[in-house]
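Report on one structure; see the data block that follows.
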Amino acid sequence: MLSADFSHLADDIEMLNRSEADWIHLDIMDGVFVPNISFGFPVLKHVAALAAKPLDVHLMIVEPQKFIPEIKDLGTMMMNVHYEACVHLHRVIGAIKEAGMKAGVTLNPSTPVMMLSDVIRDVDLVLLMGVNPGFGGQKFIEHTLVKVRQLREMIERSGSGALIEVDGGVNLATGRRLVAAGADVLVAGNAVFSADDPLEAIHCLKTL
């Protein structure tokens with residue numbers, strides 16, 4: 001939703017409701033963990049009320065565990081926290097699950113996937129950033145493909161059921177390569193909302 005037209009947010013959510021998209025991905029930024037501020041709970045509550053798709057809430061903020069109750073109250077399906085923002089990651093994963101949500105962990109481009117080896121069996125999803133978090137429309141970081149393959153090997157070796165999600169720089173070209181490398185979930189913002197026909201753009205991504 002970061003790339004949506006916020007002056008016509010209800011229209012864009014309705015478009016997503018009618019689309020083939022599986023989830024609605026919400027990027028929450030605090031201006032501290034990342035150099036940008038996106039939107040907070042007043043906007044999130046309106047989005048949640050209009051959305052007919054499961055919510056994938058990606059918290060690019062410090063101390064995300066403080067907001068588990070508020071994120072749960074939105075009806076969130078997946079709460080995504082950054083490895084780099086959680087000193088006690090295992091405890092945070094457990095708290096998210098105890099609240100009744102699925103737990104996702106996000107890695108910045110410079111964080112190796114091996115850092116999740118001790119919790120890979122505890123998470124439902126790992127989100128790999130294909131750009132440095134904070135802004136939409138950035139160029140895809142090619143090394144992300146290597147990380148997807150490494151993560152796929154870790155998941156298969158450990159017996160984890162975690163999905164691999166990629167956010168940042170995703171379009172038809174990069175999406176095709178990411179799926180071939182082992183990605184399960186693609187987050188597309190600019191590639192959808194800047195398209196002449198967003199519904200068709202989503203359909204094309206779904207066929208990858």
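Sequential numbering from 1 along the given sequence is applied to the chain's residues.
Listed by first and then second residue, the salt bridge (Lys or Arg N to Asp or Glu O under 4.0 Å) pairs involving residues 177-189 are Glu142-Arg177, Arg152-Asp184 (not counting sequence neighbours). Applying the salt bridge (Lys or Arg N to Asp or Glu O under 4.0 Å) rule to pairs touching residues 190-202 yields nothing, sequence neighbours excluded. Evaluation of the salt bridge (Lys or Arg N to Asp or Glu O under 4.0 Å) test over residues 67-79, restricted to residues two or more places apart or in two chains, returns none.
Applying the side chain to side chain donor-acceptor pair (under 3.5 Å) criterion to His143, with sequence neighbours excluded, gives no partner residue. In this structure Lys139 satisfies the salt bridge (charged side-chain N to carboxylate O under 4.0 Å, His left out) test with no other residue, sequence neighbours excluded. A search for salt bridge (charged side-chain N to carboxylate O under 4.0 Å, His left out) contacts involving Arg18 returns Glu14, not counting sequence neighbours. Residues passing the side-chain contact (heavy atoms from CB on, under 4.5 Å) test with Ser3, sequence neighbours excluded: Asn190, Phe193. For His90, there are no side chain to side chain donor-acceptor pair (under 3.5 Å) partners, not counting sequence neighbours. Residues satisfying the side chain to side chain donor-acceptor pair (under 3.5 Å) test with Lys206, not counting sequence neighbours, are Asp22. Applying the side chain to side chain donor-acceptor pair (under 3.5 Å) rule to Thr76 yields no partners; only residues at least two apart in sequence or on another chain are considered.
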Less than 3.5 Å apart, which donor and acceptor atoms pair up between the side chains of residues 35-53 and the rest of the protein, not counting sequence neighbours?
{"unit_1": "Asn36", "atom_1": "ND2", "unit_2": "Gly134", "atom_2": "O", "d": "2.8"}
{"unit_1": "Ser38", "atom_1": "OG", "unit_2": "Asp27", "atom_2": "O", "d": "2.8"}
{"unit_1": "Ser38", "atom_1": "OG", "unit_2": "Met29", "atom_2": "N", "d": "2.9"}
{"unit_1": "Lys53", "atom_1": "NZ", "unit_2": "Ser19", "atom_2": "O", "d": "2.9"}
{"unit_1": "Lys53", "atom_1": "NZ", "unit_2": "Ala21", "atom_2": "O", "d": "2.7"}

For residues 77-89, dump all side-chain donor-acceptor pairs below 3.5 Å to protein atoms at least two apart in sequence or in another chain.
{"unit_1": "Asn80", "atom_1": "OD1", "unit_2": "Thr106", "atom_2": "OG1", "d": "3.1"}
{"unit_1": "Asn80", "atom_1": "ND2", "unit_2": "Asp56", "atom_2": "OD1", "d": "3.0"}
{"unit_1": "Asn80", "atom_1": "ND2", "unit_2": "Glu165", "atom_2": "OE1", "d": "3.4"}
{"unit_1": "His82", "atom_1": "ND1", "unit_2": "Glu84", "atom_2": "OE1", "d": "3.0"}
{"unit_1": "His82", "atom_1": "ND1", "unit_2": "Asn108", "atom_2": "OD1", "d": "3.4"}
{"unit_1": "His82", "atom_1": "NE2", "unit_2": "His58", "atom_2": "NE2", "d": "2.9"}
{"unit_1": "Glu84", "atom_1": "OE2", "unit_2": "Asn108", "atom_2": "N", "d": "2.8"}
{"unit_1": "Glu84", "atom_1": "OE2", "unit_2": "Thr111", "atom_2": "OG1", "d": "2.5"}

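Taking CD1 from Ile120 and CG from Leu151, the interatomic distance works out to 5.0 Å, rounded to the nearest 0.5 Å. From Leu26, atom CG reaches atom CD1 of Ile24 across 7.0 Å, with rounding to the nearest 0.5 Å. Here CG of Leu178 is found 9.5 Å from CZ of Arg149. Values are rounded to the nearest 0.5 Å.
No continuous path of ILVMFWY side-chain contacts below 4.5 Å connects Met129 to Met115, so the two sit in separate hydrophobic clusters. Linking ILVMFWY residues whenever their side-chain heavy atoms come closer than 4.5 Å, directly or via other members, leaves Leu125 and Ile93 in distinct clusters.
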May I have the step-by-step check of side-chain contact (heavy atoms from CB on, under 4.5 Å) for Val170 and Val187, ending in yes or no?
CA-CA 7 Å; Val170 173; Val187 179; 5.6 Å; no
Yes or no on side-chain contact (heavy atoms from CB on, under 4.5 Å) for Asn132 and Ile141, after CA distance, side-chain angles and deciding distance?
CA-CA 9 Å; Asn132 287 296; Ile141 296 173; 4.2 Å; yes
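With Trp23 as the partner, the side-chain contact (heavy atoms from CB on, under 4.5 Å) test is satisfied by one option alone out of Val57, Leu55, Val185: Val185.
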